[in-house]
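Each remark here refers to the structure printed beneath this line.
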Amino acid sequence: DRMARGEALLRDEFVFDTAVFIQLKKEEIIKNWRGNPDQMRMIQQKANDRGLSLEVMLEKDAQWVINQKIEQGTLF
């Protein structure tokens with residue numbers, strides 16, 4: 001009935017909130033890396049080695065960190 005009225009279900013709200021939380025965590029990780037010149041040099045080298053832009057490599061590495069934290073049960 002709530003769906004028929006266009007209202008979000010609790011489950012849908014949780015999924016959206018989780019996605020937002022994960023995105024914020026990724027942005028936090030990238031911000032921390034950007035503040036660390038040594039880390040940025042390493043990520044730039046990895047991007048060069050893989051033929052990727054720095055931005056794409058930052059996103060991929062941040063997603064990898066997030067995935068590891070989820071698997072280890074340390075993100076939430």
Side-chain angles (χ1 to χ4, degrees):
D1 197 39
R2 291 182 67 189
M3 283 181 67
R5 293 191 307 264
E7 297 174 17
L9 300 175
L10 182 58
R11 184 176 141 267
D12 294 336
E13 291 168 1
F14 175 76
V15 169
F16 179 74
D17 288 344
T18 301
V20 170
F21 175 79
I22 289 172
Q23 183 60 35
L24 291 172
K25 284 295 184 184
K26 280 175 54 176
E27 290 171 10
E28 180 182 314
I29 290 166
I30 292 171
K31 180 180 177 184
N32 288 336
W33 288 342
R34 288 186 189 280
N36 182 330
D38 292 334
Q39 186 77 31
M40 288 301 292
R41 277 191 290 277
M42 185 184 78
I43 294 169
Q44 181 65 66
Q45 184 59 52
K46 191 185 328 183
N48 293 345
D49 292 347
R50 296 181 182 184
L52 301 172
S53 71
L54 175 60
E55 293 305 312
V56 168
M57 195 75 253
L58 285 166
E59 284 287 325
K60 285 181 172 289
D61 278 1
Q63 186 61 56
W64 183 87
V65 170
I66 293 292
N67 291 345
Q68 292 300 304
K69 288 178 178 274
I70 290 171
E71 286 180 22
Q72 296 166 1
T74 59
L75 185 64
F76 299 101

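As the structure is a prediction and not an experimental result, all values here were calculated from the model. The residues of the chain are indexed from 1 along the displayed sequence. Just so it is clear, the values below take in all heavy atoms, side chains as well, and ignore hydrogens, waters and symmetry mates.
- Considering CG of Leu58 and NZ of Lys31, their distance stands at 14.5 Å, rounded to 0.5 Å.
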Which side-chain N or O atoms in residues 36-44 pair as donor and acceptor under 3.5 Å with protein atoms at least two apart or in another chain?
{"residue": "Asn36", "atom": "OD1", "partner": "Asp38", "partner atom": "N", "Å": "3.1"}
{"residue": "Asn36", "atom": "OD1", "partner": "Gln39", "partner atom": "N", "Å": "3.0"}
{"residue": "Asp38", "atom": "OD1", "partner": "Arg41", "partner atom": "NH2", "Å": "2.2"}
{"residue": "Gln44", "atom": "NE2", "partner": "Asn48", "partner atom": "OD1", "Å": "2.9"}

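- By the side chain to side chain donor-acceptor pair (under 3.5 Å) test, Gln45 pairs with Asp49, sequence neighbours left out.
- Considering only residues two or more places apart in sequence or on other chains, Lys60 meets the side chain to side chain donor-acceptor pair (under 3.5 Å) condition with none of them.
- Scanning for salt bridge (charged side-chain N to carboxylate O under 4.0 Å, His left out) contacts around Glu59 gives Lys26, with sequence neighbours left out.
- Scanning all heavy atoms of the two residues, the minimum distance from Ala47 to Ser53 falls at CB-O, 3.8 Å.
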Check residues 67-76 and write down every donor-acceptor pair under 3.5 Å in which the side-chain atom is one partner and the other belongs to a residue at least two apart or another chain.
{"residue": "Asn67", "atom": "OD1", "partner": "Gln63", "partner atom": "NE2", "Å": "2.9"}
{"residue": "Asn67", "atom": "ND2", "partner": "Gln63", "partner atom": "O", "Å": "3.4"}
{"residue": "Thr74", "atom": "OG1", "partner": "Lys69", "partner atom": "O", "Å": "3.4"}

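- Listed by chain and number, the residues in a side chain to side chain donor-acceptor pair (under 3.5 Å) with Arg50 amount to none (sequence neighbours excluded).
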